[in-house]
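Worksheet: the structure to be examined is printed underneath.
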Amino acid sequence: MNEEEHERVREAVAAIPAGRVATYGDIAGRVGLPSARLVGRILREDGVDLPWHRVLRATGKPAEHLATEQLTLLAAEGVIARDGRVDLRRYRWEGP
DNA sequence: ACTATGACAGACG
DNA sequence: TCGTCTGCCATAG
């Protein structure tokens, strides 16, 4: 991993509008990373100061250890979760 | 060099 | 729709 990619991932995440969400895979594809796992790794490192809570799994469920807080933050922006799962068809951000 | 470990995703039954 | 299995790829030990 190089700084170049970290930087683009941060931009991509920062670009997600409030009230919308994206999946790890969406971000990976958008910045050209080969695996969605890498996005999670990057957010684990410098996710601080970014709207990381707008990034979910492809299933609409957040990562286990973050579930509670992440869903709270999303709810505060109007993103409602059903049974701990967000409706991607409705909130997914497809870019500008 | 090898194995285990994840903020993951897609295929399958 | 859900649980499981397999592929994924950088890191750590």
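Computed from a predicted structure; not experimentally measured. Per chain, numbering begins at 1; letters A, B, ... match sequence-line order.
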Among B:dA9, C:dC9, C:dC2, which is the nearest nucleotide to the side chain of A:Arg57? B:dA9
Of all the nucleotides listed (C:dC9, B:dA7, B:dG10), which has the minimum atom distance to the side chain of A:Ala58?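 In terms of side-chain proximity for A:Ala58, the closest of C:dC9, B:dA7, B:dG10 is B:dG10.
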[atom1] of [X] versus [atom2] of [N]: gap in Å, rounded?
X	N	atom1	atom2	value
A:Tyr24	C:dC8	OH	C1'	16 Å
A:Glu45	C:dT11	CD	C1'	9 Å
A:Ile27	B:dA7	CD1	C1'	12 Å
A:Arg30	B:dA9	CZ	P	14 Å
A:Ile42	B:dG6	CD1	P	18 Å
A:Ile16	B:dA7	CD1	P	18 Å
A:Leu74	B:dA7	CG	P	18 Å
A:Arg44	B:dA7	CZ	P	7 Å

Reckon A:Thr59 touches a base, only the sugar-phosphate, or nothing at all at heavy-atom distances under 4.0 Å? nothing
Indicate, with a heavy-atom threshold strictly under 4.0 Å, whether A:Leu38 touches base, sugar-phosphate, or nothing.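 Result for A:Leu38 = sugar-phosphate.
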Side chain to side chain contact (heavy atoms under 4.5 Å, CB included) with A:Gln70: which of A:Leu73, A:Thr68, A:Leu66, A:Thr72?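 Filter result, single survivor: A:Leu66.
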Can you check whether A:Arg92's main-chain N or O pairs, donor with acceptor, with A:Arg20's side chain at less than 3.5 Å?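 Yes, because the side chain of A:Arg20 sits within donor-acceptor range (under 3.5 Å) of the backbone of A:Arg92.
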Just by distance, do the side chain of A:Asp83 and the backbone of A:Arg85 share a donor-acceptor pair under 3.5 Å?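 No, the answer is negative, given that no donor and acceptor are paired below the 3.5 Å cut-off.
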Give me the distance, rounded to whole Å, that separates B:dA7 from C:dG13 when you measure between the C1' atoms they each carry. 22 Å
OP1 or OP2 of C:dA12 sitting under 4.0 Å from any side-chain N/O of A:Arg41? no
Please determine if A:Glu11 and A:Arg8 form a salt bridge, counting it only when a charged side-chain N lies under 4.0 Å from a carboxylate O.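 No, this pair does not count.
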Heavy-atom side-chain contact between A:Asp26 and A:Trp93 under 4.5 Å: no
